[in-house]
Amino acid sequence: MSKSEKKKKGVVVAVLNMKGGVGKTTISAHVFRHLYHYLLKSVVLVDFDPQFNLTQTVIAQTAYEKLKADKRTILSVMEDHSAPSIFKVSTDLGPPPTLDEVSIKMRHIVKSPEICLHLVPGDFDMARYSLINDSKVLLPVKKRFLQFIEQLQNEKDVVCIDCNPSSSFMTLCALQAATHVVVPVRPDRYSLLGLKMLDRFITEMPEIAHKPKLIILLNGIKSQQYDPAVENSLRSDPQFGPSTMAASLHMSKVLEASQGYTGFATDKKQSWRVTPQITSIVNELGKSLGIA
Amino acid sequence: MRRSYQKICALLAAADFDEREIWEFVEAVHKAGPSEVARYVIHIRHMLMSEMKNGGSDWYIRKRPSNFEPSSETEEKIAHLLLEDAGLPKYVAITRLTQELKKRHPSEPIPSESRKGFTSWIRKLLAITSESELLHVATRIRNEFVHERPSDWHLK
């Protein structure tokens, strides 16, 4: 392959806010599933939160248990399976696995099968990285994760990492890998604080050599009796205003997790209620990521 | 008149929509803009083809997008911020936005006021700046004229 034909490296998007309950998983699942289909991009969803809500949103329990038994989860990206105890990691980690070894193909375009949507399922056992205090012990784990993400960048268009809302080892891994950070913000006064804290974390953390670009997405806008005070405060902010997407995600039952439905919101019967607004988000996000 | 335009109109006529639905559709197309509509049609075609390859389904009946609104609402939002919230006359809103954009994009020519109206002029501005930046600028102008009680928790 000549230099001019060389595939452009994919973008790595961490979906993150230091505050919980702002819609990280909703955006990772439903916006990026639509991005794959609407912009025709190969997308990998990485469930990087030990609570693994993204996985539970789109995969049924029986299917997940089989994946877990087959060691096809994010934990196999971090380490092989010879960890001596919950507080220790293997000292001699080999190269990371391939995408096919740890993922499940969720969708593909029939006419262009190379365009597909993969999920690397989450794993509750990732919580052990919050229990290990010595960051040096975790260095080989981080290195292996970063190598894995780099592999994906060479193969795919977009890698979406659904993060957990803490300033943990996992957050640092995700931010070191990320080219962009999508920050969901709810229009309540507390979400803005999580945004400021995240920005400081990225700016001041010396390990994050290449600072990822922040893209702020307002989520959970009420359709009626909406008070735009927080939105106005965010949009007028000299630092965060220009990075706040014009399109926003409105509250909808279609986007909520419901008993008896496992899958993506844009595949639901009532998807037409949310698809146009997600399309607007995907269009704008695609431009910000440089892929549309 | 273009042949494709006549063919699509004939298709709509044959589909037996009532007059209200046709007006709604034309308004939605106008609001969304040509490229957005073309993208949306191609997207639906992909979905239909994918469904048919997988054994077919009544997807296109179940998912008919009755509230089809693929465009962003940026133009309306900016009009609301400046003309309604801030209560500015149109010419003041245009002057202030033009001044702010000139500061940020000194080498870009700012389009003159559109005969088609304020929102149409806003749409023209999107050729020189992003929707998010335009909303940022408009919100700052709005805040100069609207003095609200500050929130006790805010960005610092």
Side-chain angles (χ1 to χ4, degrees), chain A residues 34 37-40 107-112 115 185 188-193 195-196 199 215-217 227-248 266-284 286-288 292, chain B residues 28 31-33 35-36 39-40 42-47 49-54 58-59 62-75 77-78 80-81 85-86 104 126 129-144 146 148-156:
Chain A
H34 193 54
H37 198 273
Y38 187 71
L39 297 182
L40 297 175
R107 297 280 187 284
H108 69 274
I109 302 293
V110 176
K111 274 192 137 185
S112 315
I115 300 172
V185 171
D188 64 55
R189 58 188 192 168
Y190 310 114
S191 290
L192 295 182
L193 301 177
L195 171 63
K196 187 73 191 170
D199 184 61
I215 301 168
I216 301 158
L217 173 57
D227 178 359
V230 173
E231 180 175 346
N232 287 341
S233 168
L234 178 62
R235 290 202 186 279
S236 61
D237 184 80
Q239 185 182 0
F240 299 115
S243 311
T244 303
M245 288 176 63
S248 49
T266 45
D267 296 333
K268 282 184 179 176
K269 277 185 185 173
Q270 298 291 308
S271 67
W272 54 268
R273 289 185 189 276
V274 293
T275 303
Q277 51 170 311
I278 298 182
T279 300
S280 297
I281 292 169
V282 162
N283 270 328
E284 198 179 344
K287 282 182 203 156
S288 294
Chain B
K31 204 172 166 190
S35 58
E36 184 63 44
R39 264 204 143 122
Y40 194 65
I42 291 163
H43 165 65
I44 293 173
R45 182 186 283 165
H46 278 304
M47 288 186 85
M49 286 173 73
S50 169
E51 288 286 333
M52 281 194 279
K53 287 257 179 188
N54 293 329
D58 57 351
W59 175 88
R62 286 192 282 109
K63 295 188 181 178
R64 188 176 146 202
S66 61
N67 69 341
F68 169 53
E69 275 185 346
S71 78
S72 95
E73 296 159 351
T74 304
E75 299 100 17
K77 231 174 191 171
I78 290 172
H80 181 84
L81 286 166
D85 261 16
R104 288 160 189 270
L126 293 174
T129 183
S130 66
E131 291 178 64
S132 51
E133 190 186 32
L134 207 50
L135 271 169
H136 166 61
V137 171
T139 313
R140 287 183 75 85
I141 297 170
R142 177 245 180 224
N143 288 356
E144 286 174 21
V146 181
E148 287 166 328
R149 198 163 63 96
S151 165
D152 47 350
W153 286 93
H154 52 88
L155 283 165
K156 286 181 185 170

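The chains referred to below are lettered A, B, ... by the order of the sequence lines, with proteins before strands, and numbering in each begins at 1. All figures in this text were calculated on a predicted structure; none of them were measured in a lab.
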Quiz item: Considering only heavy atoms, which portion of A/Ser248 lies under 4.5 Å from any heavy atom of chain B: side chain, backbone, both, or neither?
Solution: side chain
Exercise. To the nearest 0.5 Å, tell me how far A/Tyr38 OH sits from B/Arg39 CZ.
Key: 5.0 Å
Practice problem: Sort B/Leu134 into side chain, backbone, both or neither according to what part of it lies under 4.5 angstrom from a heavy atom of chain A. | Solution: neither
Quiz item: Among A/Gly241, A/Pro242, A/Pro228, who wins on heavy-atom pairs under 4.5 Å with chain B?
Solution: A/Pro242
Self-check item: Distance-only polar pair, side chains of A/Ser236 and B/Asn143, donor-acceptor under 3.5 Å
Solution: yes
Quiz item: Could you give the distance from NE2 (B/His43) to CG (A/Leu40), rounded to the nearest 0.5 Å?
Solution: 9.5 Å
Practice problem: Compare all side-chain heavy atoms of A/Glu284 with those of B/Ser132 and state whether any distance is below 4.5 angstrom. | Solution: yes
Quiz item: Quick one: NE2 on B/His136 to OG on A/Ser243, what's the gap to the nearest 0.5 Å?
Solution: 9.0 Å
Quiz item: Rounded to the nearest 0.5 Å, what separation is found between the CD atom of B/Glu133 and the OG1 atom of A/Thr244?
Solution: 12.0 Å
Exercise. Kindly compute the distance separating OH (B/Tyr40) from CG (A/Asn283), expressed to the nearest 0.5 Å.
Key: 12.0 Å
Quiz item: Counting N and O atoms only, with roles assigned by atom type, does the side chain of B/Thr139 sit under 3.5 Å from a partner on the main chain of A/Arg235, one being a donor and the other an acceptor?
Solution: no
Quiz item: By a 4.5 Å heavy-atom criterion (distance strictly below it), what part of A/Ile281 contacts chain B: side chain, backbone, both, or neither?
Solution: neither
Quiz prompt | Pairing of A/Glu231 and B/Lys77 as salt bridge, 4.0 angstrom limit | solution = yes
